[in-house]
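Here is the structure we will look at, set down as structure tokens.
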Amino acid sequence: MKTIAITGVLGYSGRYIAAEAARRGWRVIGLTNSATRLPNPQGYELRPMPWSTREQVLAGVDVLVNTYWVRFSHSGGGHAAFSHAEAVRHTRTLIRAACEAGVRRMVHTSITRPELTSPLPYFRGKAELEAELAASGLAHSILRPAILFGESAEESILINNMAWCLRRLPCVATFGRGHYRLQPIHVQDFAELALRESESSAPARCIQAVGPETYSFRELWHLLARSIGVHRAVLPVPAVLGHLAAILLGRVVGDVMLTRDEITGLSQDRLCVPEAEPAGQRSLSAWIRQCSSSLGRTYQSELARRA
């Protein structure tokens, strides 16, 4: 029986990857720092992340799937502190641990359009880690998703919280004209892709893990509004005003709704690779229609999930 280790096995995409691996007969090991605060209903064997222990936690592992990252840097303020710089350091430790343990292959989650010279820490950090993995000599696949959605509304933070705004606010906004695009991929499609790449024999592969539908940010607002049965004006606003509104709403819900860097990344059209063949088949529009009654009923907090 082949053994697969998955970071974030109790979280979002990691949980779906683990379930798909188990269905295919893999032995699943979860790497997590959340063993004491998150449920483990499947009873996966859990080991600590390699940066929190000196143990060789990847001993006996054939394939490592890495979903670990942070959406934004946060200094604390009632929640645990985390940062992009820390995420880069930790992932480098993970790559070294995989090499030392003789892991056969690593499947690494990156982002669409990473760039070493980007002023945005998210995209620069992802590019640095892609380069680190390529230089390691470890056989690998790099998956570059834009955003994930599915299965439930509560798990799809961005889409759900956009619907939450539509249900409660008299109008919503785009930053500028809102023509920048997104190519979301369903989490189950992403899990199946990760397992296909786990079984690959190619020395190195890079896959644009995008879904079959492309939406501008403005179009996504309108699709959500129609699906949940509300009518809201979508107003173009300067990025600075949009960020201010996100800060104020974030204070109301006790979360970071959208950062300045995320607005910049969106405006630079970094979440779309129009020339790429879709890596997933499940459509966002069909999923939104399926979940329309539950989308946006409750706000989903990024910070609360990290508490």
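Everything numeric here is computed off the predicted structure, so don't read it as measured data.
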Residues forming a side chain to side chain donor-acceptor pair (under 3.5 Å) with [X], sequence neighbours excluded:
X   : result
S34 : R37
R47 : E45
N33 : S52

Under 3.5 Å, is there a donor-acceptor pair linking the side chains of [X] and [Y]?
X    : Y    : result
T93  : R96  : yes
E20  : Q188 : yes
Q208 : T112 : no

To the nearest 0.5 Å, tell me how far [X] [atom1] sits from [Y] [atom2].
X    : Y    : atom1 : atom2 : result
L220 : L182 : CG    : CG    : 6.5 Å
S293 : Q290 : OG    : CD    : 9.5 Å
I159 : L224 : CD1   : CG    : 6.0 Å
H108 : T7   : NE2   : OG1   : 9.5 Å
R24  : E192 : CZ    : CD    : 6.5 Å

Subject >> Summary of side-chain hydrogen bond (donor to acceptor under 3.5 Å, both in side chains) pairs that have at least one residue in residues 119-138, sequence neighbours excluded >> reply: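 Every pair satisfying side-chain hydrogen bond (donor to acceptor under 3.5 Å, both in side chains) with a residue in residues 119-138: R92-E132, S110-E130, E130-R144.
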Original post:
Do any pairs count as a side-chain hydrogen bond (donor to acceptor under 3.5 Å, both in side chains) and have a residue in residues 162-179, sequence neighbours left out, and if so which ones?
Top reply: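 Checked against side-chain hydrogen bond (donor to acceptor under 3.5 Å, both in side chains) - neighbours excluded - no pair reaches residues 162-179.
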For [X] versus [Y], what's the shortest heavy-atom pair and its separation?
X    : Y    : value
P121 : D261 : CD-OD2, 3.2 Å
H90  : Y68  : ND1-OH, 3.1 Å
V28  : A21  : CG2-CB, 3.9 Å
L138 : M106 : CD2-CB, 3.5 Å
T3   : D62  : N-OD2, 2.7 Å

Who passes ring pair (Phe, Tyr, Trp, His ring centres under 6.0 Å) against [X], sequence neighbours left out?
X    : value
Y180 : F217
F72  : F82
F149 : H186, W287
F190 : none

Determine yes or no for a side-chain-to-main-chain donor-acceptor pair under 3.5 angstrom, with [X] supplying the side chain and [Y] the backbone.
X    : Y    : value
S83  : S73  : no
E115 : T117 : no
S118 : P114 : no
T109 : N66  : yes

**OP:** Sequence neighbours left out, what passes salt bridge (Lys or Arg N to Asp or Glu O under 4.0 Å) with R205? Give chain and number order.
**Re:**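 Listed in chain order: E197.
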Donor-acceptor pairs are to be reported for all side-chain atoms of residues 231-256 against protein atoms at under 3.5 Å, with residues two or more places apart or in another chain.
residue: R232; atom: NE; partner: L166; partner atom: O; Å: 2.8
residue: R232; atom: NE; partner: L169; partner atom: O; Å: 2.7
residue: R232; atom: NH2; partner: L166; partner atom: O; Å: 3.2
residue: H243; atom: NE2; partner: R260; partner atom: N; Å: 3.4
residue: D255; atom: OD1; partner: S301; partner atom: OG; Å: 3.4
residue: D255; atom: OD1; partner: E302; partner atom: N; Å: 3.3
residue: D255; atom: OD1; partner: L303; partner atom: N; Å: 3.1
residue: D255; atom: OD2; partner: Y299; partner atom: OH; Å: 2.7
residue: D255; atom: OD2; partner: E302; partner atom: N; Å: 3.1

Original post:
Thinking salt bridges, do E262 and R71 make one under a 4.0 Å N-O criterion?
Top reply: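 Between R71 and E262 there is a salt bridge, with a charged N closer than 4.0 Å to a carboxylate O.
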Subject >> Pair E219 + R181: basic N to acidic O under 4.0 Å >> reply: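 R181 and E219: not salt-bridged.
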Count I, L, V, M, F, W, Y as connected when their side-chain heavy atoms are under 4.5 Å apart, and connections chain through other members. Are [X] and [Y] then in the same cluster?
X    : Y    : result
I147 : L258 : yes
I111 : L284 : yes
L148 : Y16  : yes
L58  : V9   : no

Original post:
Is there a salt bridge (charged side-chain N to carboxylate O under 4.0 Å, His left out) between E199 and R105 once you walk through the steps?
Top reply: CA-CA 9 Å; E199 296 167 343; R105 187 174 196 83; over 6 Å; no
Subject >> ILVMFWY clustering at 4.5 Å (side-chain atoms), partners of V273 >> reply: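 Noted: V273 shares its cluster with no other residue.
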